[in-house]
Amino acid sequence: MNYWIFKSEPDTFSIDDLKNRPGQTEPWNGVRNYQARNFLRDDVKEGDLILFHHSSCKVPGIAGIAIVSKEAYPDHTAFDESSDYFDLKSKKDSPTWFMVDVKFVEKFKEVITLKEIKENPKFNDLILTRKGNRLSIMPISEKEFNELKKLRS
DNA sequence: GCCAACGTTGGC
DNA sequence: GCCAACGTTGGC
């Protein structure tokens, strides 16, 4: 079992959006970065736990927890010309991009702010806190996951 | 295969 | 809105 941080812009898709979905489940589509794609396709497994991170917003940070409810399958938004995520290069018989389904687990009463995470030396090794980091799917260790979770729940 | 130019991300 | 950092593109 693995642990992850998934980043999303809350204006596009937030932890509240996930919570309010029917079945509290949603495909994690639109990943268009190869490194993130590789994690999604190869390493993100059903039952893995996810810290849901809000980026590009007023208070960037971890807003809650989700769980992987379905493993990688082709991201069909890449085939849809009307989608923002359309990619001419991704073919139905050999898709470039993949997605997983995620299910809501918990929303923290208060976001674990990026600032707070950066100030804590325990989290110096997180990809999330690296300068210039732009990866939207990041692995973290079980220990890091539990220590982050412990800050709120 | 190099690398400059460009577009995007994302914290501040 | 700024801009540093990064990934991608495309000419050579």
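Chain letters run A, B, ... following the sequence lines, proteins first and then strands; every chain starts at 1.
- Taking atom CZ of residue A/Arg130 and atom P of nucleotide C/dG7, one finds them 11 Å apart after rounding to whole Å.
- If you measure from atom CG of A/Leu88 to atom P of C/dT8, you get 17 Å, rounded to the nearest angstrom.
- Contact annotation: the side chain of A/Phe79 never approaches that of A/Phe86 to less than 4.5 Å [non-hydrogen atoms, C-beta and beyond].
- Listed pair A/Lys118 / B/dC12 meets the phosphate criterion, a side-chain N or O lying under 4.0 Å from OP1 or OP2.
- Counting only heavy atoms from C-beta on, A/Glu9 has its side chain closest to B/dG10 among B/dG10, C/dG7, C/dT8.
- In this structure, A/His54 reaches neither bases nor backbone, as no heavy-atom distance under 4.0 Å exists between it and the strands shown.
- Taking atom CG of residue A/Asp11 and atom C1' of nucleotide B/dT9, one finds them 14 Å apart after rounding to whole Å.
- In terms of the side chain to side chain contact (heavy atoms under 4.5 Å, CB included) criterion, residue partners of A/Ala78 (sequence neighbours excluded) are, by chain and number, A/Arg32, A/Asp87, A/Ser90, A/Trp97.
- To the nearest angstrom, P of C/dT8 lies 10 Å from CZ of A/Arg37.
- A/Trp97 places its CH2 atom 13 Å from the P atom of C/dG7, with the value rounded to the nearest Å.
- At whole-Å resolution of the value, NZ in A/Lys89 and C1' in C/dG7 are 12 Å apart.
- The distance from atom CD1 of A/Ile127 to atom C1' of B/dG11 is 18 Å, rounded to the nearest whole Å.
- At least one side-chain heavy atom of A/Phe39 sits less than 4.5 Å from a side-chain heavy atom of A/Leu135.
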Pairwise N/O distances under 3.5 Å, protein to nucleotides 2-5 of chain B:
none

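- Applying the salt bridge (Lys or Arg N to Asp or Glu O under 4.0 Å) test to every pair with at least one member in residues 16-29 of chain A, sequence neighbours left out, gives these pairs: A/Asp16-A/Lys107, A/Arg21-A/Glu26.
- Note: A/Tyr3 and A/Phe145 have tilted aromatic rings, judged against thresholds of 30 and 60 degrees for the angle between ring planes.
- To the nearest 0.5 Å, the span separating CZ on A/Phe6 from CZ on A/Phe52 amounts to 10.0 Å.
- With rounding to whole Å, A/Ile137 atom CD1 is found 15 Å from B/dT9 atom C1'.
- Note: the hydrophobic cluster containing A/Met1 also contains A/Val44 (ILVMFWY, side chain heavy atoms under 4.5 Å, direct or indirect links).
- The nucleotide whose nearest atom lies closest to any side-chain atom of A/Leu114 is, among C/dG7, C/dT8, B/dG11, B/dG11.
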